[in-house]
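Data block below; observations after.
Note on naming: letters A, B, ... go to the chains in the order of the sequence lines (proteins, then strands), and numbering restarts at 1 for each one.
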Amino acid sequence: MVEYFNIIFLETYKILFLLVPVLTAVAMIVWLDRRVWAFVQKRRGPNVVGPFGLFQSLADALKYLFKEIIIPASSNKIIFILAPVVTMTLALIAWAVIPFNENFVIADINVGILYIFAVSSLGVYGIIMGGWASNSKYPFLGAIRSAAQMVSYEVSIGVIIINVLLCVGSLNLTDIVLAQENLWFVIPLFPMFVIFFISALAETNRPPFDLPEAEAELVAGYQTEYSGMMYAMFWLGEYANILLMCALGSILFLGGWLPPIDAFPFNFIPDSLWLIFKMLFLFILFALVKAIVPRYRYDQLMKLGWKIFLPLSLIWVVITASYLFYFDLLPGNKL
Amino acid sequence: MLAHSLFFYVFSFIAIFSAIMVTASKNTVHSVFFLILDFISISCLFIMIGAEFLGMIMLIVYVGAVAVLFLFVVMMLNVAQQKKQWFSSFGSSKHIPLGVLISVIIFFELIIVIGGWKYKPEVVSSITKSQNTLESNTHSIGNVLYTDYIHLFQLSGMILLVAMIGAIVLTFRKRAGLKRQSYFSQISRERSDSVYLADVPNKKGVDIDG
């Protein structure tokens with residue numbers, strides 16, 4: 001019995017050690033997003049609360065906490081309350097398999113990449129539930145749009161992941177990073193990296209693909225009826241998902257925690273910092289895209305997903321597989 | 001081992017409970033949510049017996065894609081009304097024999113399968129390949145699927161492809177008078193296609209349609 005408690009205590013400690021930094025990072029990243037957005041438009045952005053406005057997100061969170069939670073009378077109450085909880089939970093549980101360095105990962109499972117893929121494909125339920133349970137036109141439209149959008153772009157993300165897996169020969173995220181010791185996959189698979197980045201934008205409902213919450217057409221999409229802390233939970237979940245996509249992108253293509261060159265000034269910096277740098281780099285790209293690209297029309301979005309990205313990534317699977325097969329580079333039967 | 005069996009009972013209880021609720025709940029959307037819960041707990045059971053690949057694929061395919069489309073259809077069509085009628089109207093009793101027949105068939109199939117497992121274990125071991133415990137089960141599935149059963153695998157792929165093409169052909173219709181965007185014609189448009197210089201006679205105007 002003591003043994004069980006020991007295990008539970010140790011695991012809880014590890015989980016807290018991961019989740020508290022992740023949640024803090026989410027708050028900081030919201031600030032960074034708004035700052036980058038503002039700098040592109042020659043504004044200052046939030047710069048009042050704390051140094052450089054760093055505590056703006058904390059102030060926002062406090063404001064949300066003290067606001068009243070309004071539940072619409074005609075809504076489906078259980079599902080209405082469940083929706084932000086589902087979004088938030090799914091955004092956080094995926095972090096369990098992200099390796100920050102060779103030893104620090106909470107669950108080093110064999111099918112890590114499939115787990116992340118499964119959890120991110122479940123993410124659509126938070127949005128559908130929220131949109132449907134609100135029992136109102138705009139949230140429902142937003143929910144239906146996002147369902148179609150996320151299902152479509154998941155397909156191309158799946159095919160891109162297959163490309164990487166062909167080069168690695170394992171579904172374990174640590175193995176995927178270790179396979180890039182000599183060459184980051186962003187170099188041989190550069191077109192796939194670009195498509196992955198754009199699909200990740202669509203998957204996390206970021207601009208230019210933020211049609212589920214297109215404020216010009218749908219008020220705030222699926223979040224229209226939400227207020228107070230429930231709205232903030234959607235918001236936190238969304239940003240945690242964005243951060244997760246950045247982490248996934250850096251693990252699949254940018255070599256995870258590996259330094260660019262394994263020589264003195266680079267390998268002096270701790271491994272996990274490298275992963276954080278890469279995630280920040282990808283996130284700043286996300287923020288820049290938000291600032292400079294106008295929103296897509298819905299039919300253009302679907303066309304891009306099904307008629308361009310899917311065939312392109314499928315063709316690339318064939319090319320990668322034939323190349324590896326011809327030059328006998330296919331990874332063997334690794335455990 | 002205690003925790004293992006505890007989790008097994010928790011997940012299987014949730015699976016059975018949600019399977020019952022799929023048919024029992026009045027609201028159709030709730031039924032779909034219970035179906036999703038059922039899928040999730042079944043995939044947990046898969047993971048518990050060490051078939052982590054199957055469990056994850058179950059989550060991705062059924063929960064991530066199929067159930068979303070279910071939910072889509074159920075939310076769009078007002079099935080809730082129909083379901084209420086189905087259960088409460090006078091004509092509901094005529095569906096009972098069919099339902100009973102199907103349940104009896106499924107029940108006997110299950111008995112045959114489980115009975116075979118229980119009383120003739122050599123049948124199971126003769127048609128299944130023993131797993132090499134040294135490799136992960138993703139590798140084992142791949143090794144069997146792409147070598148011994150490649151024809152069956154491709155056949156099932158063909159069946160899915162035919163079904164997909166059939167569905168597209170059935171629902172695809174070209175409507176007349178619909179304006180479509182063509183990137184090609186937009187990009188390849190020249191100045192001469194749309195702009196010309198006209199000498200406009202005084203007080204007569206120019207015929208813009210010509």
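- Looking at Ile36(B), the atoms closer than 4.5 Å to chain A (heavy atoms on both sides) all sit in the side chain, from C-beta outward.
- Highest contact tally toward chain B, considering only Val151(A), Val124(A), Ile144(A), is held by Ile144(A) [criterion: heavy-atom pairs under 4.5 Å].
- Comparing Asp299(A), Ile128(A), Leu122(A), Val119(A) by how many heavy-atom pairs each has under 4.5 Å with chain B, the most go to Ile128(A).
- Not counting sequence neighbours, the partners of Ser185(B) by the side chain to side chain donor-acceptor pair (under 3.5 Å) test are Ser182(B).
- With hydrogens and angles ignored, the 3.5 Å screen pairs no side-chain donor or acceptor of Glu225(A) with any backbone N or O of Pro139(A).
- Arg145(A) forms a cation-pi arrangement with Tyr298(A), by the criterion of a distance under 6.0 Å to the ring centre and an angle within 45° of the ring axis.
- Counting heavy-atom pairs closer than 4.5 Å to chain A, the top residue among Ala67(B), Ala65(B), Gly142(B) is Ala67(B).
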*From CA spacing to verdict: side-chain contact (heavy atoms from CB on, under 4.5 Å), Ile176(A), Leu171(A)*: CA-CA 7 Å; Ile176(A) 291 176; Leu171(A) 297 171; over 6 Å; no

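- Using the six-membered ring where Trp is involved, Phe39(B) and Tyr62(B) have ring planes that are tilted, between 30° and 60° apart.
- Heavy-atom distances place the side chain of Phe72(B), and not its backbone, under 4.5 Å from chain A.
- When each of Leu69(B), Ile40(B), Val63(B) is scored by its heavy-atom pairs under 4.5 Å with chain A, the top score falls to Val63(B).
- Contacts between Ile79(A) and chain B at a heavy-atom distance below 4.5 Å involve the side chain alone, from C-beta outward.
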